[in-house]
Colleague: 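Here you go, one structure.
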Amino acid sequence: MFRPLKILIGTKCPPTRCCSAFVSRMRYVNRLKEDDEACAAALQNAHIFLFHRLSPLLQRTEHRTLRPTALRLGSDRTLLKESVLIGCSEENQAQFCLDVGKNILNPGSSLSWWPETLNDPSPYEPDLCFLLQGQALLRWNQTSGFCSTTGQPTHRNRAGSQRVCSSSGIIYYPKMSPVVIVLVSDGKRCLLGRQSSFPRGMYSALAGFCDMGETLEETLRREVAEEVGLEVHSVSYSSSQHWPFPHSSFMMAFHASVSPAHTQLNVDHAELEDARWFSLEEITSALQVKTPPRRGDPPVVWLPPKHAIGNRLITEWADRQRRWEEGE
Ligand SMILES: NC(=O)C1=CN([C@@H]2O[C@H](COP(=O)(O)OP(=O)(O)OC[C@H]3O[C@@H](n4cnc5c(N)ncnc54)[C@H](O)[C@@H]3O)[C@@H](O)[C@H]2O)C=CC1
Ligand SMILES: [Mg+2]
């Protein structure tokens, strides 16, 4: 079991009688974003997830689990003031994150932990969302110190959920880029592609950033047309996920179909190194590959790790296809 490193400092989400626990938690977090004093008070009794230069600090125990460990920050309240609100746990504990790496940005190293962490089979999913959210918020605060209009410093609110230009008063909110990811099927096979930047042998569903003014459906149809030269129909929504690459993408995942009579691919090799149709049998064996092949191993197709939304789309398709083929 994976657990990020966090420290417990001392006010919990106040219990309310008038609404559900979920509603009161959501309202509490919203108040912490709006009210600096309430946020400072919550920090006194918060769980603080620790990061170092944007990598979460995780600790493995002797039982091969990862468990949070209390760090002593002593009287360094200045450092605590740099912590950023993430949310509130089901136990009504406010949750913050704090980068103890003194904000030295190194974009390459800051993401180097993700491939290993996302491939780790340890069951720590409830905390993974917090880590993704925490890392994205810390990164945004660390890279948004100046107003892009006036060039003057920006100042954060207590929660770290907005920054205001000291000269113009312009308010900045955390930024993310919407991305569509789509698994295309022809009824018997599904379509996967790989970019040359992917690890060797890895294939995933097609993805692309939304252009300004586009609907999700328009992005999806455009990306599939651009990358593999097909026109899709029967689009259905699956799920969504935040993704740290390259800078806080908001991934929205869909299934889509093409007619079995129009499956001829015309791959744009400027975007994709390869794209191919995969049978259920090929997908089933690729899903079995748990660790990426090492240098010198025979070539093998493998898929995004289970925490990635691409894996979810492929697994959903394989389950549906299996049920359909068994029912035939
Ligand atoms: N979680 C998952 O399972 C998967 C996630 N992804 C993610 O989806 C994202 C988009 O996929 P791509 O095929 O790379 O997109 P893409 O097909 O739109 O091509 C990327 C290019 O789009 C341009 N672009 C337009 N808007 C951009 C923006 N806001 N930020 C950065 N570049 C922008 C750049 O020129 C960039 O090189 C990537 O960040 C990738 O990490 C991709 C596949 C699987
Ligand atoms: Mg793409």
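As the structure lists them, so they are numbered: ligands from 1, and atoms in each ligand from 1.
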Colleague: Will you find, in the side chains of W140 and S248, an N or O donor that is under 3.5 Å from an N or O acceptor?
Modeller: no
Colleague: List the closest protein heavy-atom neighbour of atom 11 (O) of ligand 1: residue, atom name, distance to the nearest 0.1 Å.
Modeller: A207 CB, 3.7 Å
Colleague: For atom 22 (O) of ligand 1, which candidate among F209, W243, Y203 holds the nearest heavy atom?
Modeller: F209
Colleague: Would V84 end up clustered with V164 when hydrophobic side chains under 4.5 Å apart are linked, directly or stepwise?
Modeller: no
Colleague: Linking I/L/V/M/F/W/Y whenever their side-chain heavy atoms sit closer than 4.5 Å, directly or via other members, would L216 and V179 fall into one cluster?
Modeller: no
Colleague: Mark the output for E226 as yes if a heavy-atom distance to ligand 1 is under 4.0 Å, and as no if none is.
Modeller: no
Colleague: Is it possible for you to say whether V184 and F198 belong to one hydrophobic cluster, with membership spreading through side-chain heavy-atom contacts below 4.5 Å?
Modeller: no
Colleague: Would you mind listing which atoms of ligand 1 come within a distance below 4.0 Å of any non-hydrogen atom of Q241?
Modeller: 1 (N)
Colleague: Among all protein heavy atoms in this structure, tell me which lies nearest to atom 16 (P) of ligand 1, with the distance rounded to 0.1 Å.
Modeller: G208 CA, 3.6 Å
Colleague: Please report which non-hydrogen protein atom sits nearest to atom 9 (C) of ligand 1, along with the residue it belongs to and the distance in Å to one decimal place.
Modeller: V179 CG1, 3.9 Å
Colleague: Tell me: protein heavy atom nearest atom 19 (O) of ligand 1, and distance?
Modeller: E271 OE1, 4.1 Å
Colleague: Check this for me - ligand 1, G310, N or O atoms closer than 3.5 angstrom, yes or no?
Modeller: yes
Colleague: Would you please say whether a donor-acceptor pair under 3.5 Å links the side chains of S89 and Q95?
Modeller: no
Colleague: Counting heavy atoms only, which of Q195, M251, M176 is nearest atom 6 (N) of ligand 1?
Modeller: M251
Colleague: Is the Mg ion (ligand 2) less than 2.8 Å from an N/O/S atom of E227, whether that atom is in the backbone or a side chain?
Modeller: yes
Colleague: Does E227 come within less than 4.0 Å of ligand 1, judged by its heavy atoms?
Modeller: yes
